[in-house]
Structures are given as C-alpha cells and as structure tokens.
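All residue numbers refer to positions in the sequence shown, counting from 1.
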Amino acid sequence: QVRLVESGGGVVQPGGSLRLSCAASGIIFNMYAMSWYRQAPGKQRELVASVHSSASTNYADSVKGRFTISRDNAQNTVYLQMNSLKPEDTAVYYCNARKYGTVGQGDWGQGTQVTVSS
C-alpha cells in the first residue's frame, strides 16, 4: 500500500522560504516519478515540479528559479525547497507518486498548507 506523508508547510512572510518533505512507503521508490502539485482555493490543482529517478527535473514556469525539487532515493523522500515565496504561492501542496509505465494520476499524499502572508 502506497503511503505518502508530507510535512514542512506553514505560514511565512513574502520573500521567505520553506522546505517541504514527502516520505514515501510501500513502493520501490526509484520506480516512481515524484511530483509536487498545489491547489489554491477556487482553483484547479496544478503541477509545481517533478523529479525522475534519474534526478532530471521539470518546473512550472511560475516557480522556475525560486523552487527546487530533489529526491533522496536512499531515504524514499522527495523535497521541495521554496525560496522567494509570494502570496500567490499560497495553496495546499500535495505529493504525488506515479509509477513508470502506468497510466493514471498515481498516488497522493494528504497535503500540507503553505500560506504566504504579511
């Protein structure tokens, strides 16, 4: 059974930083692409960043240069380092694991709230 547990959310002032973590269990971690999504109130869930088992990454244009996604295959954990946070980054952030070679959205964590406000 796949389990994804996010942590690290909170309230931060504009310009501040946060680091999100997602610990995965029940999977062979390097067989999964790992991603962070976010959903703001009244908006659709959107992809923020993805990291493959090869460590290649991709980012939404809105976060390029500010956010960094990484993974530790030994610890079955994916991280999202968020710098220069803006109020528009306020959302619930979700960890996603999608097994290579499968279709569908994959598995989701429960989400962690990030609020950027002065």
Side-chain angles (χ1 to χ4, degrees):
Q1 183 179 356
V2 180
R3 186 167 184 237
L4 303 171
V5 179
E6 300 104 331
S7 61
V11 180
V12 64
Q13 292 186 341
S17 297
L18 282 175
R19 189 193 195 204
L20 305 184
S21 299
C22 171
S25 59
I27 62 173
I28 301 174
F29 193 65
N30 62 9
M31 294 180 67
Y32 285 74
M34 301 299 297
S35 301
W36 287 96
Y37 285 74
R38 68 186 180 187
Q39 188 167 19
K43 294 188 176 181
Q44 288 190 331
R45 192 172 295 189
E46 63 175 359
L47 176 65
V48 176
S50 294
V51 59
H52 292 280
S53 57
S54 64
S56 65
T57 58
N58 61 281
Y59 296 91
D61 288 343
S62 58
V63 307
K64 281 181 182 176
R66 300 188 299 121
F67 290 11
T68 302
I69 190 171
S70 61
R71 63 191 289 163
D72 184 337
N73 290 333
Q75 297 295 324
N76 285 12
T77 301
V78 60
Y79 304 97
L80 185 68
Q81 177 67 44
M82 305 185 294
N83 299 329
S84 302
L85 282 160
K86 305 175 180 180
E88 52 263 43
D89 294 317
T90 295
V92 178
Y93 283 71
Y94 295 92
C95 180
N96 175 270
R98 185 178 59 80
K99 190 175 182 180
Y100 292 116
T102 63
V103 297
Q105 292 188 338
D107 295 282
W108 298 92
Q110 81 287 353
T112 186
Q113 177 70 47
V114 171
T115 302
V116 185
S117 174
S118 55

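- Linking Ile, Leu, Val, Met, Phe, Trp and Tyr residues whenever their side-chain heavy atoms come within less than 4.5 Å places L18 and V63 in a single cluster.
- Proximity of Y100 to H52: side-chain heavy atoms (C-beta onward) are separated by under 4.5 Å at one or more points.
- M82 and V12 fall within the same hydrophobic cluster, where Ile, Leu, Val, Met, Phe, Trp and Tyr residues are linked whenever their side-chain heavy atoms come under 4.5 Å apart, directly or through other members.
- Under a 4.0 Å N-O distance rule, the pair D107/K99 does not qualify as a salt bridge.
- Using a 4.5 Å cut-off on side-chain heavy atoms (C-beta onward), W36 and V51 make no contact.
- In this structure, a donor-acceptor pair under 3.5 Å is absent between the side chains of R45 and Y37.
- When only modelled atom types and interatomic distance are considered, T77 and D72 share no side-chain donor-acceptor pair under 3.5 Å.
- Side chains of T115 and S117: no donor on one and acceptor on the other come within 3.5 Å.
- Looking at heavy atoms from C-beta onward, S35 lies in side-chain contact with L47 at the 4.5 angstrom threshold.
- For the residue pair A49 and I69, the shortest heavy atom distance occurs at O-CD1, 3.6 Å.
- With rounding to the nearest 0.5 Å, the separation of CD1 in I27 from CG in N76 is 6.5 Å.
- In the hydrophobic cluster analysis, where Ile, Leu, Val, Met, Phe, Trp and Tyr join through side-chain heavy atoms closer than 4.5 angstrom, V78 is grouped together with V2.
- Using a 4.0 Å cut-off between charged side-chain N and carboxylate O, D61 and K64 make a salt bridge.
- To the nearest 0.5 angstrom, C22 atom SG is 10.5 Å from L80 atom CG.
- Inter-residue side-chain proximity for M34 and C95 is flagged as met; some heavy-atom pair is nearer than 4.5 Å.
- One finds the CG atom of L20 at 8.0 Å from the OG atom of S7 (value rounded to the nearest 0.5 Å).
- A donor-acceptor distance shorter than 3.5 angstrom exists from the side chain of E6 to the backbone of Q110, with no hydrogens or angles considered.
- Cation-pi geometry between R71 and F29 is met: under 6.0 angstrom from the ring centre, within 45 degrees of the axis.
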Point to revise | Intermediate values then yes/no, side chain to side chain contact (heavy atoms under 4.5 Å, CB included), Y93 and V48 | key: CA-CA 9 Å; Y93 283 71; V48 176; 4.2 Å; yes
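- Between the side chains of N96 and R98, no donor N or O sits under 3.5 Å from an acceptor N or O.
- Between Y94 and R38 there is no side-chain heavy-atom pair separated by less than 4.5 Å.
- Judged purely by atom type and a 3.5 angstrom limit, T57 has no side-chain atom pairing as donor or acceptor with the backbone of S50.
- Side-chain contact between N83 and F67: absent, with no pair of heavy atoms (C-beta onward) separated by less than 4.5 Å.
- In terms of heavy-atom proximity, A91 sits nearest to A40 at CB-N, 3.8 Å.
- Inter-residue side-chain proximity for S17 and Q81 is flagged as met; some heavy-atom pair is nearer than 4.5 Å.
- Under a cut-off of 6.0 angstrom, the local environment of CD in Q44 is sparse, with at most 12 non-hydrogen atoms contributed by other residues, nucleotides or ligands.
- Looking only at side-chain heavy atoms (C-beta outward), Y59 and R66 stay at 4.5 Å or farther from each other.
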